[in-house]
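Below is one structure; the comments refer to it alone.
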Amino acid sequence: MPRHWLMKSEPDELSIDDLARAPKRTTPWFGVRNYQARNFMRDDMRVGDLAFFYHSSCPEPGIAGIVEVSRLAYPDATQFDPKSAYFDAKATRNAPRWFNVDVKLVRKTRLVTLPELRAARGLEEMVILRRGNRLSITPVTAAEWKIVEKMAT
DNA sequence: GCCAACGTTGGC
DNA sequence: GCCAACGTTGGC
């Protein structure tokens with residue numbers, strides 16, 4: 001099982017600084033509506049797993065910090081809320097469709113930009129860098145983790 | 001704003 | 001089960 005991850009967030013929605021200001025520096029990772037990403041959270045993530053916090057769809061996309069999984073996956077509350085943009089009419093309390101973990105900020109890092117990641121040796125196979133990749137949660141290998149963590153320091 | 005790439009939907 | 005159409009993601 002992977003123990004390292006990369007999780008994308010649009011800073012307009014939730015930035016690394018927003019997380020730093022959040023109570024207990026913790027947030028539910030709600031709003032994931034892709035089955036593969038959901039499965040990673042629901043089936044594979046364990047408390048203590050580490051993840052890079054990635055800013056996407058913004059002027060400077062890149063890795064902005066490190067978070068850890070602080071709570072196992074549980075049903076995403078927004079799927080039941082008709083007022084939420086993430087409402088899912090087909091989801092029920094008895095048969096929830098979407099799940100989220102909680103993540104807690106470990107530390108902010110300097111911004112490791114997308115061009116830097118692309119240029120780095122050893123990251124050629126990183127899922128986030130693959131052509132056409134859109135997955136919001138992706139596994140990171142131990143080797144990739146080491147390289148990027150060093151770049152972020 | 002553009003557009004490539006991808007996931008989902010729904011008709012058949 | 002196939003696949004065209006559609007919607008979304010996300011870098012540029």
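On a predicted model such as this, the values are computed, not experimentally measured, just so you know. Convention: sequence-line order gives letters A, B, ...; per-chain numbering from 1.
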Protein-nucleotides 8-12 of chain C N/O pairs closer than 3.5 Å?
{"residue": "C:dT8", "atom": "O2", "partner": "A:Arg134", "partner atom": "NH1", "Å": "2.8"}
{"residue": "C:dG10", "atom": "OP1", "partner": "A:Lys8", "partner atom": "NZ", "Å": "2.6"}
{"residue": "C:dG10", "atom": "OP1", "partner": "A:Arg134", "partner atom": "O", "Å": "2.9"}
{"residue": "C:dG11", "atom": "OP1", "partner": "A:Tyr54", "partner atom": "OH", "Å": "2.9"}
{"residue": "C:dG11", "atom": "OP2", "partner": "A:Ser57", "partner atom": "N", "Å": "2.9"}

Can you sort out the partners of [X] under salt bridge (Lys or Arg N to Asp or Glu O under 4.0 Å), two or more places apart, ordered by chain and number?
X        : value
A:Lys146 : none
A:Glu149 : A:Arg107
A:Arg121 : none

Legend entry - With A:Ala77 via side chain to side chain contact (heavy atoms under 4.5 Å, CB included) - residues at least two apart: none
Legend entry - Any residue meeting side chain to side chain contact (heavy atoms under 4.5 Å, CB included) with A:Val69, in chain and number order, not counting sequence neighbours: A:Met45, A:Asp49, A:Val101
Legend entry - Pairs where residues 54-71 of chain A contributes a residue and the test side chain to side chain donor-acceptor pair (under 3.5 Å) is met, not counting sequence neighbours: none
Legend entry - Cationic N near anionic O, under 4.0 Å, A:Asp43 to A:Arg38: no
Between the protein and nucleotides 2-4 of chain C, list the N/O to N/O atom pairs that are separated by less than 3.5 angstrom.
none

Inset, instruction - Return the 5'-most residue of the pair A:Lys90, A:Gln36 with respect to DNA chain B, ranking by each residue's nearest nucleotide. - result: A:Gln36
Legend entry - Where at least one partner belongs to residues 110-132 of chain A, residue pairs that pass ring-ring contact (aromatic ring centres under 6.0 Å, His included), sequence neighbours excluded: none
